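A short write-up of the structure that comes next.
Source: prediction; values computed, not measured. Hydrogens, waters and symmetry mates play no part in the numbers below; they use all other heavy atoms, side chains included. Letters A, B, ... are given to chains in the order of the sequence lines, protein chains preceding strands, and every chain is numbered from 1.
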Number of protein chains: 2
Amino acid sequence: MKRKITLKQIAKELDVSISTVSKALRNSPEISNDTKQKVQAFAKLYNYRPNNIALSLKNRKTNTIGIIIPEIVHHFFSKVIRGVELVANNRGYNVIIGLSNESFSKEVINMEMLANGSIDGFILSISKETQQLQDFHHFTETMSQGMPIVMFDRVVSEIDCDKVIVDDLNGAKNAVEKLIINGCKSIALITTKDYVSVGKLRTQGYLEALKDHKMTPKANLILKIDDTLDFETHLDELEEEIEQLFNSNEYIDGVFAVNELYALSAMKVARKLGLNIPNDVQVIGFTDGVLSKHATPGLTTVSQHAQQMGERAADLLIDKLESEIDTEEEEFQTIVIATDLVERESTK
Amino acid sequence: MKRKITLKQIAKELDVSISTVSKALRNSPEISNDTKQKVQAFAKLYNYRPNNIALSLKNRKTNTIGIIIPEIVHHFFSKVIRGVELVANNRGYNVIIGLSNESFSKEVINMEMLANGSIDGFILSISKETQQLQDFHHFTETMSQGMPIVMFDRVVSEIDCDKVIVDDLNGAKNAVEKLIINGCKSIALITTKDYVSVGKLRTQGYLEALKDHKMTPKANLILKIDDTLDFETHLDELEEEIEQLFNSNEYIDGVFAVNELYALSAMKVARKLGLNIPNDVQVIGFTDGVLSKHATPGLTTVSQHAQQMGERAADLLIDKLESEIDTEEEEFQTIVIATDLVERESTK
DNA sequence: GAATGTCACGAAAACGTTTTCGTGTTAAAA
DNA sequence: TTTTAACACGAAAACGTTTTCGTGACATTC
């Protein structure tokens, strides 16, 4: 089994020095045309490619960015990855992934694994557990060693770094306003516990929309789910909670859910209770998922433009990496990605 | 902005040699306890971690595996990645991803980017375009340089390497048999053009099941879709083709589709034509997707165990990487992952 | 013929490790 | 007191590059 060919081997074979080979391949004017041609022909024949690791060591730059996400089997996150990968590759970078599985310790371990020279910078969305624990030492530590971080979607205000976020508040507000304009009088909210930053903001958007239209929020119209449970495998419990929500309110004609699964479950429960969608109750979800599109009826959703988030995050990170030469005063940006309301059949 | 601390800096600070620092940190018996403690304390204080790139260069081993897939926004592939990532991390490896976007040239470029020292081996599923072009030089070239490859799902028999595949033939056969047992007399097949290896095998499974039950396949019951089109954005055309399929056959009471989208579209069309599922027509799809579960009615599917495929592929690759020390005669395995029939409401 | 300049190339350092081998110091053995 | 052994450490090479600087050979100029 052959190994990859190196400069040294070429040099030996052609009876010149390593430096000469290197220069010949990079077309340096120092080298005569004869030698250049000889070397280049030989290199081509043996399919020579410079060893990336050696280059990384020499240049103290890996041209690789690390992305840490809580979960990859999730349309939102895989779309973000696609966005990151797209611009990264175009700009000459590789992407290396780490999954935290929503666990704090796995997040820390993964970051440590990558931070030791493997990558030039991080793009990440923090795990639920980290959000709960409020322990951010691994972020500050990484940044203090000169490794830039870009956070997306689930960000944390305590850390000063570049961020790309969804306009959760206004996205939610617009959705709820849509329901109001469509004539809904009693709009339920299905959301998460408050420690999930995005859940909190979407809840806030719901409240603002009501307020703007002089409607009073009612506590029993708001269902806060504890989403530390994996509802992909515990769908029944989720549906049960939602059914209770419907039953404890005589009249719900609109539902705003902070994610796709909650919205779909709401539709399912409503149908089960004999309600027609969208005539009796209208439903809007929040997501970039594929379920909404193929559901029956199609679910109206707030689209987050996940791929765009990934692209912006990658650009932000690479810009920082390549400007760092001038070590200008640290200046962090927060890019807010506007949402779109994608109207389907679950609203009038 | 601080850089990461190195052995050299520690050595200078403590006024010992680099070798001493290195040995002290690795608890070498050569070093006195005094010095060890001094060095270790200092290293801990400054949070010293060995530079991975330097280690990779020295050891000629990156402990990173590259995975090339056609598309990441796809449940099957993201589940495979999760499987790979899981065992890779457990065994001390990182995972770096490359997307081919179903394009031959992107596949080649991506592989070249990674093959130059960045990774120790590949796990990949080949793009549709590569399957069409039948150009596999990048695989042979990579392997001839001593870099092992494990192919999964979409494999190619021309290349000798480890493989992890789904038992497409039997998966399809079992599904169709299920329909037959359930009383279907006229079973349609919605598949892809033959160059897609998995499509071909599933078609074959369909035919075998019919044959085993003395049923004659009818040409106008078989619809071969040209899936070079992106049907996520051209759903209508897909549905139109399927509607023609239904219209050109007086009586279809069963549908087997080789993927989730085709199956869902078939259900949609059937409903549109006034047919009840599963009473008038029963439908089975082939996938590991999330749509089937949340569709109404739930779609009965052939599950591929994508995550398990990723796990097996990663184990195969790492085993090879770590055994290569003895350079035993190359011996390649092909692991066949059995499928499961997940029964939901689209069948009786 | 001496001084200067150009050309074509090689030596060596550097990136951050690990590891082999050599060496000076001290303590124990003869 | 000399020999030997153990001990504690340092020098240097190696992994594969790129780049700076030095140098010998030859040609040109005065």
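- Classification of the A/Phe152-A/Phe77 ring pair by plane angle, with boundaries at 30° and 60°, yields perpendicular.
- In this structure, the CG atom of A/Leu25 is 13 Å from the P atom of C/dC9, given to the nearest Å.
- In this entry the distance linking NZ of A/Lys38 with C1' of C/dC9 reads 11 Å, nearest Å.
- Atoms NZ (A/Lys12) and C1' (C/dG10) sit 18 Å apart, rounded to a whole Å.
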Side chain to side chain donor-acceptor pair (under 3.5 Å) between B/Thr20 and B/Ser17: does it pass, once the steps are laid out?
-> CA-CA 5 Å; B/Thr20 304; B/Ser17 77; 2.9 Å; yes
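- One finds a salt bridge joining B/Asp319 and B/Arg91 here, because a Lys/Arg side-chain nitrogen approaches an Asp/Glu carboxylate oxygen to under 4.0 Å.
- Taking only side-chain nitrogens and oxygens, B/Ser32 comes nearer than 4.0 Å to OP1 or OP2 of D/dC9.
- A/Tyr48 is linked by a ring pair (Phe, Tyr, Trp, His ring centres under 6.0 Å) to nothing, counting only residues two or more places apart in sequence or in another chain.
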Going 5' to 3' through nucleotides 12-18 of chain D and flagging B where a protein heavy-atom sits under 4.0 Å of the base, S where only the sugar-phosphate is that close, and - otherwise, we get B-BBBBB
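- The environment of CZ in A/Arg154 is crowded: more than 12 heavy-atom neighbours from other residues, nucleotides or ligands sit within 6.0 Å.
- The list of side-chain hydrogen bond (donor to acceptor under 3.5 Å, both in side chains) pairs with a residue in residues 111-126 of chain A, not counting sequence neighbours, reads A/Lys61-A/Asp120, A/Thr62-A/Asp120, A/Asn116-B/Lys4, A/Ser118-B/Asn52.
- For the pair A/Thr20 and C/dA8, the criterion of a side-chain N or O lying under 4.0 Å from OP1 or OP2 is not met.
- Among residues two or more places apart in sequence or in another chain, the ring pair (Phe, Tyr, Trp, His ring centres under 6.0 Å) test is passed with B/Phe42 by B/Tyr46.
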So which protein N/O to nucleotides 21-26 of chain C N/O distances come out below 3.5 Å?
none

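- Across its full length, the helix from C/dG1-D/dC30 to C/dA30-D/dT1 shows an angle of 80° between the axes of its 5 terminal pairs at either end, rounded to 10 degrees.
- Using cut-offs of 30° and 60° for the angle between ring planes, the B/Phe136 and B/Phe139 rings count as parallel.
- Aromatic ring pairs are classed by plane angle as parallel below 30°, tilted from 30° to 60° and perpendicular above 60°; the pair B/His75 and A/His75 is parallel.
- Among the atoms of the strands shown, only primed sugar atoms or phosphate atoms (P, OP1, OP2) are found under 4.0 Å from some heavy atom of B/Thr35.
- Residue A/Asp15 places its CG atom among 12 or fewer non-hydrogen atoms of other residues, nucleotides or ligands, all under 6.0 Å distant.
- The distance from atom CD1 of A/Ile31 to atom P of C/dC7 is 13 Å, rounded to the nearest whole Å.
- Using a 4.0 Å cut-off between charged nitrogen and carboxylate oxygen, B/Glu129 and B/Lys106 do not count as a salt-bridge pair.
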